[in-house]
Amino acid sequence: MIKTMAVLLALAGMASAVQAQDASAGRAKAAMCMGCHNIPGYQASFPLVHKVPKIAGQNPDYLVAALTAYRKGERKHPTMRAVAASLNDRDIADLAAFYAGLAPAAAAATTAAAPAAVAPLLERGACSSCHGADFNRPIAPAYPKLAGQHRDYLLAALRAYGTERHPQIGRANPIMSAQVKPFTVAELQTIADYVASLPGDVRTVPESRFR
């Protein structure tokens, strides 16, 4: 009983940390983030070459989950691991609130049926069962909005979920790992191209000093 109560209290503490988000405090803490995530088209060059993801307008719970995974080493990107390691739970929650609020949600757009070359791949991967039929309204707030994200980043992320025993690339997520491993790189590219073409909420919002 005592052990159960301790677990419940710990979970409550984690929930309150996520809910205690302060966007204005997050803006003050975002200096290390803005040099990549607030420059439209900014491209990472290590360990893979791809555009850094659009995170303005992203689900805050997902941003918390992603930063926490980098801090724990469950995501291996060296730069992001170093940044996340310097953050405590409140910092992460505040940054998530700041970036989530940078781009207001757009009006819902009607998404046409996926092309014949893509639809079977999406069905095989059961992509919409978590990320939503339009890839912009996932079924849970801890899942990311994907519609309109950079296609090269989407491909890099998908491949990272299927990468094992690499010192600098990889994401330890058993669900996503199982989903991507049956696909070829060409098939993952097809999925990434399609999802990137969809209308979505995520944006790169330039910081005034970078305009």
Side-chain angles (χ1 to χ4, degrees), residues 9-40 42 44 50-106 108 130-132 134-150 153-154 156-158 160-161 170-173 175-176 195-196 198-210:
L9 288 171
L11 291 173
M14 291 171 62
S16 64
V18 173
Q19 292 167 4
Q21 297 169 331
D22 184 339
S24 60
R27 181 179 184 84
K29 298 173 182 179
M32 70 182 79
C33 312
M34 290 180 176
C36 293
H37 291 288
N38 291 70
I39 300 179
Y42 188 84
H50 60 76
K51 292 182 180 64
V52 300
K54 305 172 186 179
I55 59 174
Q58 184 59 268
N59 286 331
D61 285 16
Y62 166 72
L63 294 175
V64 168
L67 283 169
T68 301
Y70 282 119
R71 188 175 63 184
K72 291 180 177 179
E74 294 170 354
R75 292 189 177 193
K76 294 182 181 179
H77 190 282
T79 301
M80 285 303 304
R81 285 194 66 185
V83 170
S86 70
L87 305 173
N88 60 35
D89 288 347
R90 183 57 189 263
D91 295 333
I92 288 175
D94 290 345
L95 286 168
F98 168 62
Y99 275 103
L102 264 187
C130 290
H131 296 288
D134 62 357
F135 291 89
N136 193 50
R137 287 185 291 271
I139 65 166
Y143 297 148
K145 299 176 183 180
L146 300 178
Q149 186 58 266
H150 295 301
Y153 168 74
L154 289 172
L158 286 169
Y161 284 117
R171 296 186 176 187
N173 182 310
I175 295 175
M176 283 300 301
V195 174
L198 299 175
D201 292 342
V202 292
R203 300 282 187 275
T204 297
V205 177
E207 173 67 7
S208 58
R209 74 190 83 171
F210 303 135

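Under the 4.5 Å side-chain criterion, counting only non-hydrogen atoms from C-beta, Leu154 is in contact with Leu146. Looking only at side-chain heavy atoms (C-beta outward), Tyr70 and Thr79 stay at 4.5 Å or farther from each other. Residues Lys29 and Leu87 fail the side-chain proximity criterion, which asks for heavy atoms closer than 4.5 Å. When side chains are defined from C-beta on, Leu158 counts as touching Met176, because their heavy atoms get closer than 4.5 Å. No side-chain heavy atom of Lys54 sits less than 4.5 Å from a side-chain heavy atom of Arg203. Counting only heavy atoms from C-beta outward, the side chains of Leu95 and Cys33 approach each other to under 4.5 Å.
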Side chain to side chain contact (heavy atoms under 4.5 Å, CB included) assessment of Met32 paired with Ser86: CA-CA 11 Å; Met32 70 182 79; Ser86 70; 4.0 Å; yes
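For Asn38 and Tyr99, the side-chain atoms include at least one donor-acceptor pair closer than 3.5 Å.
Ionic pairing of Arg81 and Glu74 is not present here: no N-O contact between side-chain nitrogen and carboxylate oxygen is shorter than 4.0 angstrom.
Taking the six-membered ring where tryptophan is involved, the planes of His131 and Tyr143 are tilted, since the angle between them lies from 30° to 60°.
In this structure, NE2 in His50 is found 7.5 Å from OH in Tyr153, a value given to the nearest 0.5 Å.
The shortest non-hydrogen separation linking Pro144 to Pro138 is O-CG, 3.8 Å.
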